[in-house]
Structures are given as structure tokens and as C-alpha cells.
Number of protein chains: 2
Amino acid sequence: MQDILFDFISKYISLTEDEKGALLSLDLFRTVKKGTVLLKEGQKSNESYFVLKGCIRTYYMIDCEEKTTAFYTEMDALTPPCVISKTPSLYYISCIEDSILTISTSDMEAEINSKFPKFEMMCRILSEELLAKQQMDFDEFKTSSPEQRYLNLLQSRPDLIQRVPQHQLASYLGIKPQSLSRLRARIFEKNKD
Amino acid sequence: MQDILFDFISKYISLTEDEKGALLSLDLFRTVKKGTVLLKEGQKSNESYFVLKGCIRTYYMIDCEEKTTAFYTEMDALTPPCVISKTPSLYYISCIEDSILTISTSDMEAEINSKFPKFEMMCRILSEELLAKQQMDFDEFKTSSPEQRYLNLLQSRPDLIQRVPQHQLASYLGIKPQSLSRLRARIFEKNKD
DNA sequence: TAAAATTGTTCACTTAAGTTAAGAAATGGG
DNA sequence: CCCATTTCTTAACTTAAGTGAACAATTTTA
């Protein structure tokens, strides 16, 4: 399990055994059962997550309806905005599958970053990459119709469509479950001829 | 003009006179005329922008139509995804108003970052903040209707609605110019009674 | 395993955005 | 100042998403 984390890090920086030890001593690894709520609306938190195995999702509760806005799967990192802004969370995070995560706090990160400047650099690069990636995702969302977004998701993250309930996928695509059902039927009709 | 930049930086780190000098010696400041295209689709670039005064926008050309996806105004920073991924740009950047920008290259940033670890930290924090902010913007976009998005923009960035042509605003909101026109008329009707 | 809860589909109807087109208003450059 | 271009609005029509409801399929759990 640790290897997955170290492999990921090695894409950005190379670690000495000492540094690996320092990381391991933080005791970051957690196994989390499906359905566990990691963060609730209104809570304060300073925890960041990195998914080693499984899937977690973020969702808002608006008019008694869940609005799912993101899924994080293997190799995805999430620092909730409320951790950055130090304000109560606007959304929930819950576990869709039995998962293995690393959970770190901002304190732990600050300490590691000041001890090993390499980490600071990795965090900077990682944030820049995530920002760029998210900019592109956002752009794609803005410039596409729901149907195009679904087809796109089918290309870019086919696993999600298998492992995630459709009503959660629907709000992720910005539409209602019924519309996703209909849209899928429409696509299926087209592909028949 | 330099003061604007230094004021901005001082929100994150404090600079010595030496460090200020090092920054100034990079000769970052540029005045740019309205209409100037800073980056074209297909181009490679390693330039980042910071808006001191004015407004720039990013847009895609899809089916001979401009799709505007973002506006950057005073105090906004932009590193295009293509700079991070080192691939040809998927979009255009152009100047909506006569503007004053700083334009830096990744080389310059790398040099400054390695010379002054403080900068590395500032870049990390800034990226994390921008990422968090954009996550919230994206979430708001996904969970709102076009009308709600327009009303929201009216709240959060009222200046944009004044200084930006409406057909550009429309695609920023993910709709056609005609729909924005209609939607505005609809809102105006509601507010009449 | 049976009952309950969750999830997914279908349908009829409503609402709003897309499309096409025409024309008015504003802006810009010669 | 005038012509050309760009920008904005309006309208009629089309298309697709939202809504509410019923029901089927699946999963959970008692």
C-alpha cells in the first residue's frame, strides 16, 4: 500500500529512506468503510485526502437534494476548499466504496514542508497541475451539452460509469437522474442504426 | 504600478529590498492594447500573466464560434494549462481592455523559486488557493441554472457585467447570447412587480 | 427470505434553452 | 460624419431538460 504512495511521489521528487521514514511515521493510512461520511456541511476541518484505493465523492445538500460535484478515485488528491479558507465546509464528503486513503492534516503538511523543501516543491507542482487540469475540466463542462459531457465522461473515465450510482452521475453532469436516463436511451437509439 | 504587485505579494510573504530588486530586474511589466491576442490555439507558451489593470479573457474556437470560459481582472493570475502540460494551447487569450500585466516565463519562475524558497512557498499557497476557489466556482456552476448563475455573477463580480460584451458573458455562463438576452428580460419582468 | 429502501426507467406535461432570422442600437475606423 | 461592423434584442419555432408520478429492478437489512 505504501508503495502506491511512494510511486506517486516519485513522479515529482525522489525520496531518501530518511524522508520515506518521516512520512511513514506520520501514520497516514486509513481504511474506510463504504458509506462513511468524512466531512459534513458546517464542520471545520484541516484534513486532506489521497485515494490509494476506492472512491470518495463530494456533495452539497440543496433543497433536501444531494448535488454531487466530484468523484475522487485511485491517485486522486483532495484538499477541501474549507481547509484552505479555514471556514466551515459547504459540502459533504463520503465514501462510495470500501477505500484506502491517506489522511493528512495541514499541520502535518506544514511541518513536512518546512523540514523538507522538496515537499514544498512537490506540493506546488501538484497544485499547479491540479489547477490546470481542473481549468480544462471546467472549460469542457461550460462548452458542452449534457449529452456531450456524458459521452466525454464515457471516454475519459469509463470506470466511473460502472462504479457510481446513476443519480450521482447525473448531478455530476449537471442534470436530473431522469434526464440522464432519457439521454442514455437517446444515445442508445442513435447507435442502433 | 510596481506597488500593486508588491502589495499583492505582501499578502503571502514579506520581501526584502534585495528580493524586490531581483523581481524588478526581471522586467515583468507590459502594457497591452485592447484586442491584442496574447496566445493562440496551437501555440506553445511558457508565459504566465498577472493582471495589474484591465481585463483579459480565454476562449476556445469551436465550430467557428468563440466560447469564452474565463475573465481575468485586477489581481487575477493566469498560468494557462498548456504551460503546465507543455503542450500546444487549446485556447486563445486576448485582451478586452487596454491593460497592464506582468508577464513571466516558467524559466524565470523556476530561477526565482530556487533562489528564494519564500517564493516557492508563495506559489504553492497561491496555487492551493486558486484551486480551492476554482473548485467552488465549478461547484456553483454545476449546481445552478443559467439564471441563477447570472444572478450570482451579478453579486460576485458586478463589474464584469459592465465591462464585458454580453455575447462573451453568455458563453461564460454556458448559454447563447440570445438566451442571456431573454433571461435578462425575464428577470427584469419579475422585478417589475 | 420477505419487507423496506434505494435506484433506475418511462411517460405526460411544463419550462427554458437552442436555432434561425430580422432588425435596432451602439461602436469604430476611414 | 457616415458607412461598416459589431453587439443586442425580439420573435417564432424546435429541442431538450425539469417536474411529478407511477412502476420496475435492485440492493439492503431485519
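To find a chain, count down the sequence lines: A is the first, B the second, and so on, and within it residues start at 1.
- Looking at heavy-atom distances under 4.0 Å, A:Pro177 makes no contact with the nucleic acid at all.
- Going from atom NZ of A:Lys67 over to atom C1' of D:dG18 covers 10 Å, rounded to whole Å.
- For the atom pair OG1 of A:Thr58 and CG of A:Leu38, the computed distance is 11.5 Å after rounding to the nearest 0.5 Å.
- Between B:Gln148 atom CD and D:dG18 atom P there is a gap of 12 Å when expressed in whole angstrom units.
- The side chain of A:Arg186 has D:dA17 as its nearest neighbour among C:dT10, D:dA17, C:dA17.
- With a 6.0 Å radius and a threshold of 12 heavy atoms from other residues, nucleotides or ligands, A:Lys118 has its NZ atom above the threshold.
- Rounded to whole Å, the distance from CZ on A:Arg149 to P on C:dA17 is 13 Å.
- The separation between A:Lys176 atom NZ and C:dC11 atom C1' is 18 Å, rounded to whole Å.
- Between B:His167 and D:dC8, a side-chain N or O to OP1/OP2 separation shorter than 4.0 Å is present.
- Heavy-atom minimum distance, B:Pro88 versus B:Gly42: CB-O, 3.3 Å.
- For B:Pro146, counting side-chain heavy atoms from C-beta on, the closest listed nucleotide (D:dA17, D:dT10, C:dA17) is C:dA17.
- Atom-to-atom, OH of B:Tyr172 to P of D:dT7 comes out at 19 Å; the value is rounded to the nearest Å.
- The nearest whole Å value for the distance from the CD1 atom in A:Ile175 to the C1' atom in D:dA16 is 10 Å.
- Mapping A:Ser181 and B:Glu147 onto DNA chain C by nearest heavy atom places A:Ser181 closer to the 5' end of the strand.
- Residue whose closest nucleotide on DNA chain D sits further toward the 5' end, between B:Ala185 and B:Gln168: B:Gln168.
- Note on B:Met75 and B:Leu160: separate hydrophobic clusters, where clusters join Ile, Leu, Val, Met, Phe, Trp and Tyr whose side-chain heavy atoms are under 4.5 Å apart, directly or indirectly.
- Atom CG in A:Leu180 sits roughly 14 Å away from atom C1' in D:dA16 (whole-Å rounding).
- For D:dG18, its base sits under 3.5 Å from the side chain of A:Arg182 at one donor and acceptor pair at least.
- Protein atom CD of A:Gln166 is 16 Å distant from nucleotide atom P of D:dA25, rounded to whole Å.
- Residue-environment remark: NZ (B:Lys11) exceeds the threshold of 12 foreign heavy atoms within 6.0 Å.
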